[in-house]
Amino acid sequence: MVQATANQLKNRLRRADGQLQGILKMVDEGRDCQEILTQLAAVRSGVERMMGVVVAENVKQCVVDESLTAEQQARLQSALDLVVKTH
């Protein structure tokens with residue numbers, strides 16, 4: 001994984017960890033179930049986005065050795081951008 005992406009992934013993981021710690025505190029405080037579920041959904045969404053980034057980077061690394069035209073590279077990037085945005 002490219003270093004910049006590795007750092008971005010670590011930052012996202014730290015953010016998710018912070019969110020989970022906040023949820024633990026909410027549970028300890030007896031907060032409303034709906035509030036907890038909302039925060040859990042946010043964590044899930046963030047993790048799914050991270051999964052998309054990891055998959056996209058893996059695909060890029062797999063095809064790095066292939067000779068792709070500029071148009072093919074652009075189309076690949078567009079497809080990967082869709083994956084990352086939907087996960």
Q: Who passes salt bridge (charged side-chain N to carboxylate O under 4.0 Å, His left out) against Arg31, sequence neighbours left out?
A: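 With neighbours one apart ignored, the set is Glu29, Glu35.
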Q: Any side-chain heavy atom of Asn7 within less than 4.5 Å of one from Lys10?
A: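 In contact.
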Q: For the atom pair CD (Gln21) and CG (Leu24), what is the distance rounded to the nearest 0.5 Å?
A: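 Reported value, rounded in 0.5 Å steps: 5.5 Å.
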Q: For Ser78, which residues count as a side-chain hydrogen bond (donor to acceptor under 3.5 Å, both in side chains) partner, sequence neighbours excluded?
A: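 For Ser78 there are no side-chain hydrogen bond (donor to acceptor under 3.5 Å, both in side chains) partners, ignoring immediate neighbours.
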Q: Run the side-chain hydrogen bond (donor to acceptor under 3.5 Å, both in side chains) test against Gln72 and tell me which residues pass, sequence neighbours left out.
A: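 Result, side-chain hydrogen bond (donor to acceptor under 3.5 Å, both in side chains) vs Gln72: Thr69.
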Q: Return the set of residues passing side-chain contact (heavy atoms from CB on, under 4.5 Å) with Leu20 (not counting sequence neighbours), or none when no residue passes.
A: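 Counting only residues at least two positions away or on another chain, Leu20 forms a side-chain contact (heavy atoms from CB on, under 4.5 Å) with Ile23, Val43.
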Q: Go through Met51 and Val54 one step at a time and tell me if the side chain to side chain contact (heavy atoms under 4.5 Å, CB included) criterion holds.
A: CA-CA 5 Å; Met51 291 171 64; Val54 171; 5.8 Å; no
Q: Mind checking what makes side-chain hydrogen bond (donor to acceptor under 3.5 Å, both in side chains) contact with Asp28, not counting sequence neighbours?
A: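 None.
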Q: Of all residues at least two apart in sequence or in a different chain, which pass the side-chain contact (heavy atoms from CB on, under 4.5 Å) check with Arg12?
A: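 For Arg12, the residues satisfying side-chain contact (heavy atoms from CB on, under 4.5 Å) (neighbours in sequence not counted) are Arg15, Arg49, Met50, Val53.
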